[in-house]
Amino acid sequence: MSQAELSAIPSDCILPWERNTGWLSEGFIIYKWYVDAQGDGSWLICDRTDQWYYNSEPASTMRIFSTAPAGGACGSGYYGLGNYAGMKDGNTWYGWDVMMWSGYHLLPDTSRLATPAPTEAPPGVNQAGIAPAGSMPDTMPVSDSHGDPALDASGTPIETKVLPEAPADSRSRSATADAPRHFTTAQNGATIEEVEVVLDGLVR
């Protein structure tokens with residue numbers, strides 16, 4: 001059921017469905033559109049969470065967010081966000097290998113660029129804006145801070161994993177435990193946990 005559908009139901013008709021601590025997980029990918037000298041465009045990965053973020057107490061909803069520089073983390077141009085999230089039920093994680101695509105937008109939003117707008121979604125994303133399980137490549141090229149493909153010392157394009165491994169162990173949970181967190185309570189009594197993610201860049 002979507003958030004819109006939930007909003008249409010009186011709050012006293014909804015029972016909070018809380019997940020245990022560590023049973024909600026989330027991460028995201030920041031994509032940057034690159035156009036080469038021949039005018040061919042493709043998506044690069046500007047930055048991403050390199051590990052899962054988990055709920056630190058029982059909660060029904062978990063959200064993660066990060067504040068990007070005004071000019072964009074990888075220079076001016078077109079960006080998009082890929083969000084992936086998992087929920088544990090019993091001993092099984094569900095949904096973690098499916099990505100939701102935001103669509104693209106221009107940063108900074110006042111810029112006037114000659115760069116053409118993206119003509120396609122990132123690899124694996126279908127017309128509904130979803131990358132089903134198994135549809136995404138294992139790795140993708142990385143963007144440098146200017147929005148160009150990042151190269152190693154030998155001039156070879158640098159690539160990074162698209163998705164992390166399946167959420168699982170306690171070490172991953174403890175690694176993100178110190179991230180700033182905010183808690184609110186919805187009208188129906190459900191706990192909403194928000195986690196602030198600080199990204200330091202894949203190549204800087």
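Computed over heavy atoms, backbone and side chain alike; hydrogens, waters and symmetry mates excluded.
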Would a 4.5 Å heavy-atom cut-off, applied to side chains only, mark [X] and [Y] as touching?
X	Y	result
Met62	Val195	yes
Ser56	Arg181	yes
Val197	Tyr53	yes
Val162	Ile45	yes
Pro58	Thr21	yes
Met99	Phe28	no
Ile158	Pro141	no
Leu199	Ile30	yes

* List the steps, then state whether side chain to side chain contact (heavy atoms under 4.5 Å, CB included) holds for Arg19 with Met87. => CA-CA 8 Å; Arg19 299 284 86 190; Met87 183 189 74; 3.5 Å; yes

* Which is it for Thr191 and Glu57 under the side-chain hydrogen bond (donor to acceptor under 3.5 Å, both in side chains) test, yes or no, and what are the steps along the way? -> CA-CA 9 Å; Thr191 298; Glu57 64 178 54; 4.9 Å; no

Between [X] and [Y], which heavy-atom pair has the shortest distance, and what is it?
X	Y	answer
Arg63	Glu26	CA-OE1, 3.4 Å
Tyr78	Pro116	CE1-O, 3.8 Å
Asp144	Pro149	OD2-O, 4.3 Å
Gly77	Lys32	CA-CE, 3.9 Å
Tyr79	Cys74	OH-N, 2.7 Å

* Single-linkage hydrophobic cluster Tyr31~Leu163, side-chain heavy atoms < 4.5 angstrom ->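 They do share one cluster, since a chain of ILVMFWY contacts under 4.5 Å joins Tyr31 to Leu163.
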
* Linking I/L/V/M/F/W/Y whenever any side-chain heavy atoms sit under 4.5 Å apart, do Leu44 and Ile29 land together? -> no

* Take Arg48 and Thr160 through the side-chain hydrogen bond (donor to acceptor under 3.5 Å, both in side chains) test and state the conclusion after the steps. => CA-CA 9 Å; Arg48 61 167 174 76; Thr160 185; 2.7 Å; yes

Please check: side-chain N/O of [X] versus main-chain N/O of [Y], any donor-acceptor pairing under 3.5 Å?
X	Y	result
Trp93	Gly86	no
Asn20	Trp23	no
Asp152	Pro157	no
Asp40	Val35	no

Can you measure from [atom1] ([X]) to [atom2] ([Y]) and round to the nearest 0.5 angstrom?
X	Y	atom1	atom2	value
Asp148	Asp36	CG	CG	10.5 Å
Ser42	Met140	OG	CE	7.5 Å
Glu194	Thr184	CD	OG1	6.0 Å
Asn55	Leu24	CG	CG	4.0 Å

* Can you tell me which residue pairs pass the side chain to side chain donor-acceptor pair (under 3.5 Å) test with a partner in residues 96-108, sequence neighbours excluded? =>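 Found none.
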
* Run the side chain to side chain contact (heavy atoms under 4.5 Å, CB included) check on Tyr34 and Ser143 step by step: do they pass? -> CA-CA 8 Å; Tyr34 168 71; Ser143 169; over 6 Å; no

Donor-acceptor contacts under 3.5 Å from residues 118-136 side chains, at least two apart:
from, atom 1, to, atom 2, distance (Å)
Asn126, OD1, Ala128, N, 3.0
Asn126, OD1, Gly129, N, 3.3
Asn126, OD1, Ile130, N, 3.1
Asn126, ND2, Ile130, O, 3.3
Ser135, OG, Gly124, O, 3.1
Ser135, OG, Pro132, O, 2.7

* Asked: Is the CG atom of Asp89 crowded by more than 12 outside heavy atoms at less than 6.0 Å?
  -> yes

* Walk me through it: do Tyr84 and Trp52 pass the test ring-ring contact (aromatic ring centres under 6.0 Å, His included)? => CA-CA 10 Å; Tyr84 44 89; Trp52 290 99; 5.2 Å; yes

